[in-house]
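One structure below.
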Amino acid sequence: MKLAKAYEPNEYEPNIYALWEKSGAFKPSGKGEPFSTVMPPPNANGNLHIGHALDMGLKDIMVRYKRMQGFDSIYIPGADHAGFETWVVYEKELSKKGQSRFDFSREQLYNQVWDFVDQQRGNMELQLRAIGVSADWEKLVFTLDEKVIKTVNSTFKKLWDEGLIYRGERIVNYSTKFQTSYADIEVDHKVEKGTLWHIAYPLIDKVGEIVIATTRPETLFGDTAVAVNPNDERYKDLIGSHVMLPLTDREIPIIADDYVDATFGTGAVKITPAHDPNDFEVGKRHDLERIQVIDFDGTMMNVPDEFKGLDAETARKRTLAALQAQELIRKEEEIEHTVGYDYKSGLPIQPLIKDQWFLKMEPLAKRALEALEKGEITFYPASRQQILKQYLRNIRDWNLSRQIPWGIPIPAFQNVADEADWIFDDRVDQETIEIDGKTYKREEDTFDTWFSSGQWPFITTEALDGGDLSRFYPTSLMETGTDLLDRWIARMIMLGLYVTDQVPFKDVYLHGMVLDEHSQKMSKSRGNVINPMDSIAAYGSDALRLGLIASRSPGQNQAFGPDRIVAGRNFCNKLWNIARFIENKLGDNFQPNEPKAKSLADHWIIGELKTAKETIERTLDDYRFAEASDAMYHAIWDSVADWYIEASKDQDNPDLLAWVIDTSLKLAHPFAPFVTETIWQTLQWHDSLLITETWPEILPFNDISAAEFGELQKLVNEARFVITSLPGNEKYSLLYEDDSLIEDNKDLIKRLAKLKDVSILSQPKGLRLATSGRDAWLDVSAETLAEHQINLEERLAATHKDIQALEGRLSNENYVKKAPIALVEETKKQLDEKKAVVLRLQHELEVLS
RNA sequence: GGGCGCUUAGCUCAGUUGGCUAGAGCAUCUCGUUUACACCGAGAGGGUCGGGGGUUCGAAUCCCUCAGCGCCCACCA
């Protein structure tokens with residue numbers, strides 16, 4: 001088969017992927033040590049972004065590498081219903097149609113979203129194929145699959161039975177925009193400048209007032225006390241007396257509580273148990289009433305008529321105006337404080353009281369910490385483990401319930417006759433159930449998405465049922481973005497240990513964010529988003545993968561631009577053209593025999609590929625993707641293409657040439673799967689798939705012959721350097737004196753250094769190639785030589801400097817005594833070489849003068 | 001307030017037990033169409049590795065310190 005002049009990835013990629021998939025290459029072999037990784041299920045609500053391409057690409061490199069190395073390997077794909085995230089997307093769709101969630105029943109909504117997601121999922125899976133993930137599609141798990149729900153429910157029941165689940169009224173982070181509560185880690189905390197208003201509350205029992213300080217005056221209507229520190233001398237006498245709550249006719253007490261910091265503000269705090277977590281706790285201690293004044297939709301309630309229905313921000317302005325009118329504002333102070341924002345809408349989060357399901361985290365976190373202390377999981381980069389530990393040490397209970405219909409229903413029912421009586425039952429398709437003559441009503445909330453995602457490794461590997469994938473649990477590698485350390489990694493470790501008594505994975509690799517080429521975050525609003533599908537269409541899937549992993553280190557955010565993709569594309573084309581040359585050279589009917597090194601170049605290239613192979617193994621085993629890819633890239637481009645292919649034009653060893661292309665393709669395959677497989681399929685001596693080929697074996701070679709080729713390279717390099725530094729574009733001949741290495745490789749040297757000729761002579765003549773250490777000259781004319789004198793002097797000076805440095809090192813007694821012997825020997829050898837160069841240069845200068 | 005990270009060539013970044021002349025991609029300059037490739041080849045220039053100090057025979061790499069930048073966590077109203 002004749003290959004086109006340039007590699008056109010789009011012509012081949014879809015067919016190659018179909019070939020792999022059809023052949024069953026993605027399935028585990030069932031032989032060898034297991035290697036497994038699970039896909040962080042992409043949200044089934046839209047398109048993949050560039051981060052996915054990196055995420056999926058890194059894992060795919062490992063899976064392909066391990067597969068070729070003979071591991072029983074699997075990459076388990078997934079799709080996430082992404083409860084809240086999808087819900088937000090779907091609500092937008094609804095509002096486009098002029099509809100809202102309130103127009104439908106829970107079942108209707110669930111079904112509508114299901115259809116929406118089903119459609120999106122197909123699209124997403126196509127995109128994953130375009131990225132080239134070698135995932136076992138038959139094992140795909142969707143987070144709303146029957147088996148997922150079953151496992152999630154049984155985990156919930158276990159937690160419930162063991163007293164780790166509780167339901168209660170708590171202050172929760174509430175999004176008034178999306179009308180659901182959030183987990184603590186879903187709140188964006190921002191430090192901002194704000195105003196601390198000092199407001200006078202008139203005393204009732206006594207003459208005077210007490211001044212409280214607050215940043216949220218609009219919640220004043222929900223105040224049920226004023227608190228001071230019990231040891232605060234200023235207010236000691238006032239404890240137990242009452243104040244009149246401004247703008248109302250309500251009397252509230254002044255109480256003492258240690259929570260109050262006497263040094264902050266005025267030392268007196270308004271207590272609003274329904275709208276502040278601290279006040280909530282104070283309220284519990286003092287048995288205070290909770291008055292909700294901000295409704296779940298974010299508008300004011302239980303307030304005087306003129307404030308009713310206002311949004312919180314407007315209510316704040318009006319409240320301040322009303323207080324101003326009554327001359328109750330004593331002071332305005334600028335302060336820095338943190339404000340919680342809805343990570344999705346950007347609006348402030350309202351702390352509101354709601355009955356919610358909570359998971360006690362402390363016992364789970366404790367086990368996770370123990371496992372981390374024991375080193376049961378290795379982190380890349382290691383520093384992230386510290387951050388995780390810190391998170392686990394300060395963990396708070398997890399609010400599991402979300403007030404959205406899209407998700408796994410919480411399997412709980414409430415006795416209609418007894419509000420406090422909740423039971424576990426998974427018959428969530430029924431609104432009410434009867435048990436022992438009692439009627440129970442279904443919980444309407446769904447689980448936080450991360451509750452199911454947190455069980456992902458043992459769900460996808462069917463570890464609990466002993467399914468045929470259970471040999472892959474615990475999984476080998478968990479690879480995801482640094483941003484998911486707490487919300488996903490931590491929870492998988494905790495729930496994994498809780499449910500399976502094992503850590504869910506051995507290694508965790510975290511990648512940083514893909515930023516745009518100016519290190520700015522990619523975002524639609526900035527318009528700097530690189531769409532992976534567009535890149536693939538323009539440059540090919542391999543180019544994108546190569547570009548993404550180049551120069552990237554774990555946990556580090558890194559800029560990424562078209563330059564890197566282009567470089568990847570160019571590499572693929574280089575590989576393509578190496579193949580074109582070789583196929584052309586070998587002919588259509590070639591069938592290789594046992595490859596064997598014959599020429600110096602043969603020995604040398606085997607050595608180069610050996611080094612590359614070992615470097616790739618060493619780095620990849622340590623997840624140093626960029627270094628591995630770099631080693632592969634330069635072995636193929638610099639060694640195979642620039643030297644070996646050139647050398648092959650003057651020699652004939654087809655068996656070895658075939659071995660070189662085969663080995664190159666194998667080494668490159670994890671990094672550039674499509675182009676390597678495409679080429680493999682065109683090589684007529686293969687009837688296999690590269691994807692399931694074995695990792696290359698290196699042929700025996702002779703070190704000395706390889707080193708001799710290195711000598712030739714040195715000579716060629718010097719000739720090239722000297723020729724380009726000479727004026728004009730003349731061609732020169734190389735003359736040599738009794739040198740069998742040159743004699744035997746005349747044609748090669750002539751070709752590589754672009755010489756007119758290479759010939760033996762009896763008398764030295766022209767310009768000597770001094771640094772290569774051989775008896776070789778270029779036939780440079782006397783006039784040119786005179787001009788060249790300066791060049792020689794410069795080189796002599798530079799060499800002298802090198803000698804000085806080397807001698808300095810060797811004259812240091814401690815260096816000779818303490819440095820490794822090999823290093824000292826190397827230094828000595830270098831010194832000798834440099835000295836020889838000086839002699840030759842000096843000789844040249846003498847001849848010239 | 002705690003924790004983590006970054007500062008290396010014009011740009012974006014690698015550099016893992018401290019050891020040859022500190023690397024890559026892109027960009028720049030010179031030359032070149034020799035049939036694998038101009039998505040190319042040959043060559044070159046460009047860095048006091050943020051500043052200062054220390055440990056060491058030897059530091060981009062380890063320690064201290066200063067400066068600048070970024071991220072995460074934290075209920076002080």
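Naming: A, B, ... by sequence-line order, numbering from 1 per chain.
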Side-chain donor/acceptor contact of [X] with base of [N] under 3.5 Å:
X: A/Arg564; N: B/U12; value: yes
X: A/Lys574; N: B/C37; value: yes
X: A/Arg580; N: B/C37; value: no
X: A/Glu627; N: B/A24; value: no
X: A/Lys649; N: B/A36; value: yes
X: A/Gln390; N: B/C73; value: no
X: A/Asn812; N: B/C57; value: no

Between atom [atom1] in [X] and atom [atom2] in [N], what is the gap in whole Å?
X: A/Gln556; N: B/U7; atom1: CD; atom2: C1'; value: 11 Å
X: A/Ile210; N: B/A77; atom1: CD1; atom2: C1'; value: 14 Å
X: A/Phe264; N: B/G1; atom1: CZ; atom2: C1'; value: 14 Å
X: A/Asp542; N: B/C39; atom1: CG; atom2: P; value: 19 Å
X: A/Ile171; N: B/A77; atom1: CD1; atom2: C1'; value: 14 Å

Please tell me which of the listed nucleotides, [options], lies nearest to the side chain of [X]?
X: A/Phe721; options: B/A24, B/A44, B/A77; value: B/A44
X: A/Asn577; options: B/C13, B/A36, B/A74; value: B/A36
X: A/Ile645; options: B/C31, B/A36, B/A74; value: B/A36

Can we call the ring centroids of A/Tyr343 and A/Tyr182 under 6.0 Å apart? yes

Measuring only the [atom1] atom in each nucleotide, how far is [N] from [M]? A whole number of Å is fine.
N: B/C20; M: B/G53; atom1: C1'; answer: 28 Å
N: B/G45; M: B/G1; atom1: C1'; answer: 50 Å
N: B/A60; M: B/G41; atom1: P; answer: 33 Å
N: B/G25; M: B/G18; atom1: C1'; answer: 27 Å

Between A/Ala641 and A/Ile578, which heavy-atom pair has the shortest distance, and what is it? CB-CD1, 3.8 Å

Kindly indicate whether the side chain of A/Ser181, heavy atoms from C-beta on, has any atom under 4.5 Å from the side chain of A/Asn399. yes

Per the 3.5 Å Watson-Crick/G-U criterion and a run length of at least three, the stems involving RNA chain B are B:1-7 with B:67-73, B:10-13 with B:23-26, B:28-32 with B:40-44, B:50-54 with B:62-66

Going by atom types only, do A/Asn229 and A/Asp257 share a side-chain donor-acceptor pair under 3.5 Å? no

Residue mapping more 5' on RNA chain B - nearest nucleotide basis, A/Glu646 or A/Asp516: A/Asp516

What is the nucleic acid contact for A/Ser519, judged by heavy atoms within less than 4.0 Å: base, sugar-phosphate only, or nothing? sugar-phosphate

When we call it a touch if two heavy atoms are under 4.0 Å apart, what does A/Lys5 touch: a base, just sugar-phosphate, or nothing? sugar-phosphate

Below 3.5 Å between N/O atoms, which protein atoms pair up with nucleotides 45-50 of chain B? Just atom names and distances, please.
none

Verdict with reasoning, A/Arg809 to A/Glu807, per salt bridge (Lys or Arg N to Asp or Glu O under 4.0 Å): CA-CA 5 Å; A/Arg809 205 180 297 166; A/Glu807 279 179 338; over 6 Å; no

Under 4.0 angstrom between A/Thr482 side-chain N/O and B/C71 OP1 or OP2: no

Phosphate contact (B/C40 OP1 or OP2) by A/Asn570 side-chain N/O below 4.0 Å: yes

